[in-house]
Novice: 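Before I ask anything, let me first share the structure, which is written out below as structure tokens.
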Amino acid sequence: MTITSKKSLATKAAYNRRPDVQRKRVLQNKARRHAIKAGKAKVGDGKDVHHVRMLGKGGSGKDSNTKVVSRKTNRGWRKKNPKLYGKAK
């Protein structure tokens with residue numbers, strides 16, 4: 001088990017207190033609840049609710065902007081599209 005430094009924990013805590021990060025997390029959680037209620041996802045199913053247009057790029061949390069995909073698909077897109085989030089080499 002790796003031990004996280006106090007500095008790293010403080011940095012993460014400061015990041016998570018930012019209003020824009022909290023607003024994004026609220027929208028993500030709301031989209032997940034809607035998908036569960038609609039029967040598209042289940043608690044603990046290993047799936048993510050994907051926002052077709054990213055929240056950071058002006059997307060919304062509406063059902064028309066979300067779809068349920070595998071965790072690997074939703075979290076692995078950065079490797080294929082680094083230009084979308086400013087990490088292009």
Side-chain angles (χ1 to χ4, degrees):
M1 178 183 216
T2 57
I3 299 173
T4 307
S5 70
K6 289 182 181 181
K7 182 178 180 182
S8 177
L9 290 174
T11 302
K12 288 177 185 178
Y15 173 79
N16 286 322
R17 278 193 301 269
R18 288 177 28 195
D20 60 321
V21 173
Q22 289 178 350
R23 197 169 29 257
K24 182 179 171 185
R25 190 168 51 246
V26 166
L27 287 173
Q28 289 170 333
N29 291 340
K30 186 176 180 181
R32 177 75 186 178
R33 284 193 309 270
H34 279 265
I36 290 171
K37 188 174 180 181
K40 296 177 183 176
K42 296 178 183 167
V43 176
D45 63 359
K47 304 274 185 183
D48 279 353
V49 175
H50 167 70
H51 289 83
V52 178
R53 181 171 171 92
M54 294 185 280
L55 295 173
K57 300 283 185 184
S60 68
K62 294 181 180 178
D63 291 340
S64 61
N65 189 45
T66 61
K67 62 182 178 179
V68 178
V69 296
S70 70
R71 185 172 286 159
K72 182 178 179 183
T73 301
N74 194 41
R75 299 181 188 188
W77 66 270
R78 289 177 178 88
K79 293 178 185 175
K80 296 177 186 174
N81 304 302
K83 291 180 183 178
L84 284 177
Y85 72 109
K87 298 288 183 175
K89 291 181 180 180

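A quick note: this is a predicted structure, and the numbers were derived from the prediction, not measured. These numbers come from the heavy atoms of this one structure, side chains and all, not from hydrogens, waters or symmetry mates.
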Novice: Can you tell me how far the CG atom of N16 sits from the CD atom of Q22, to the nearest 0.5 Å?
Specialist: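 Spacing of CG (N16) from CD (Q22) equals 8.0 Å.
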Novice: Heavy atoms only: give me the nearest H51-A31 pair and the separation to one decimal.
Specialist: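 Looks like NE2-CB, 3.8 Å.
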Novice: Could you give the distance from CZ (R75) to NE2 (H50), rounded to the nearest 0.5 Å?
Specialist: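 Answer for the CZ-NE2 pair, R75 versus H50, is 13.0 Å.
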Novice: Between N65 and R53 (side chain of the first, backbone of the second, donor and acceptor by atom type, cut-off under 3.5 Å), is there such a pair?
Specialist: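 Here the side-chain-to-backbone pair exists.
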Novice: How close do D45 and R32 get, counting heavy atoms only, and between which atoms?
Specialist: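 Heavy atoms only, the tightest pair is OD1-NH2, 3.1 Å.
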Novice: Please round to the nearest 0.5 Å and tell me the distance separating atom NZ of K47 and atom NZ of K67.
Specialist: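 Rounded to the nearest 0.5 Å, the NZ-NZ separation comes to 12.0 Å.
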Novice: To check you understand the geometry: which heavy-atom pair defines the closest contact between T66 and V49, and what is its length?
Specialist: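 What the structure gives for the nearest pair is CB-CG1, 3.7 Å.
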Novice: Can you name the closest pair of heavy atoms from L55 and G61 and give their distance?
Specialist: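 Minimum heavy-atom separation between L55 and G61: CD2-N, 4.3 Å.
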Novice: Quick check: closest heavy atoms across S70 and T73, and the distance to 0.1 Å?
Specialist: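 Heavy-atom minimum between the residues: OG-OG1, 2.7 Å.
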Novice: If you round to the nearest 0.5 Å, how far is NE2 of H34 from NZ of K62?
Specialist: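 Going from NZ on K62 over to NE2 on H34, the span is 11.5 Å.
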